[in-house]
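A quick write-up on the structure given underneath.
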Amino acid sequence: MYGRNLRAYRNTSVSAEIAVADPYVITKMLYQGIFERLAQAKGAIERGDLAAKAQKLASATAIIENLKNTLDFKRNAAIAQNFSDIYDYMLERIADAAVQISTTPIDQALQIFMPIKQAWDSIPVEAQKEAAVIRAKDADSAEFQNTQSLARGTI
């Protein structure tokens, strides 16, 4: 009973954090989630726990797919394509780990992922604030454009 209540609280707490978090924080949480799940999958493979391996690899895959689906090719196609290629490589390595039941592909995925995670974690607070201001201006601009459409009777 206690464990179930604690999990429910934790899930509610994470949902509340995500609801108010900025994209930087959400991405940081997702990157941490990928790292944790891949590390857990490695441990499961080493222990021979195939059910845990499958669950952790599936969870890491879902997070990576989510990140890939949020790439904005309109804002900077080259950067988005680079991230897409990295995410594809990671997904291929995860699939290999699932089939081969080997930690080597996970290590390969982590090798390419860790510099990205470390770079993201080291973004200065001032740069985060600057990005938040830009996002707010973009949101205000989009809201204003939508209001103009509504004023003309179009949606």
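Applying the side-chain hydrogen bond (donor to acceptor under 3.5 Å, both in side chains) rule to Lys117 yields the partners Gln32, Asp121; only residues at least two apart in sequence or on another chain are considered. With sequence neighbours excluded, the residues satisfying side chain to side chain contact (heavy atoms under 4.5 Å, CB included) with Leu71 are Lys68, Phe73, Ala80, Phe83, Ser84, Tyr87. A search for side-chain hydrogen bond (donor to acceptor under 3.5 Å, both in side chains) contacts involving Asn82 returns nothing, not counting sequence neighbours. Partners of Lys56 by side chain to side chain contact (heavy atoms under 4.5 Å, CB included), not counting sequence neighbours, listed by chain and number: Arg37, Gln40, Ala41. Partners of Lys129 according to the side-chain hydrogen bond (donor to acceptor under 3.5 Å, both in side chains) rule, which considers only residues two or more places apart in sequence or in another chain, do not exist here. A search for side-chain hydrogen bond (donor to acceptor under 3.5 Å, both in side chains) contacts involving Asn66 returns nothing, not counting sequence neighbours. Leu91 meets the side chain to side chain contact (heavy atoms under 4.5 Å, CB included) test with Thr61, Ile64, Glu65, Asp88; sequence neighbours excluded. Contacts of Ile123 classified as side chain to side chain contact (heavy atoms under 4.5 Å, CB included), with partners at least two apart in sequence or in another chain: Tyr24, Trp120, Ala127, Gln128.
Ser59 places no side-chain N or O within donor-acceptor distance of the main-chain N or O of Gln55, the cut-off being under 3.5 Å.
Applying the salt bridge (charged side-chain N to carboxylate O under 4.0 Å, His left out) definition to pairs two or more places apart or across chains, none involves residues 24-35.
Other residues, nucleotides and ligands contribute at most 12 non-hydrogen atoms within 6.0 Å of the CD atom of Glu130.
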Please tabulate, for side-chain N and O atoms in residues 97-112, each donor-acceptor pair with protein atoms closer than 3.5 Å (sequence neighbours left out).
residue : atom : partner : partner atom : Å
Ser102  : OG   : Thr104  : N            : 3.2
Asp107  : OD1  : Lys42   : NZ           : 2.5
Gln108  : OE1  : Arg93   : NE           : 3.4

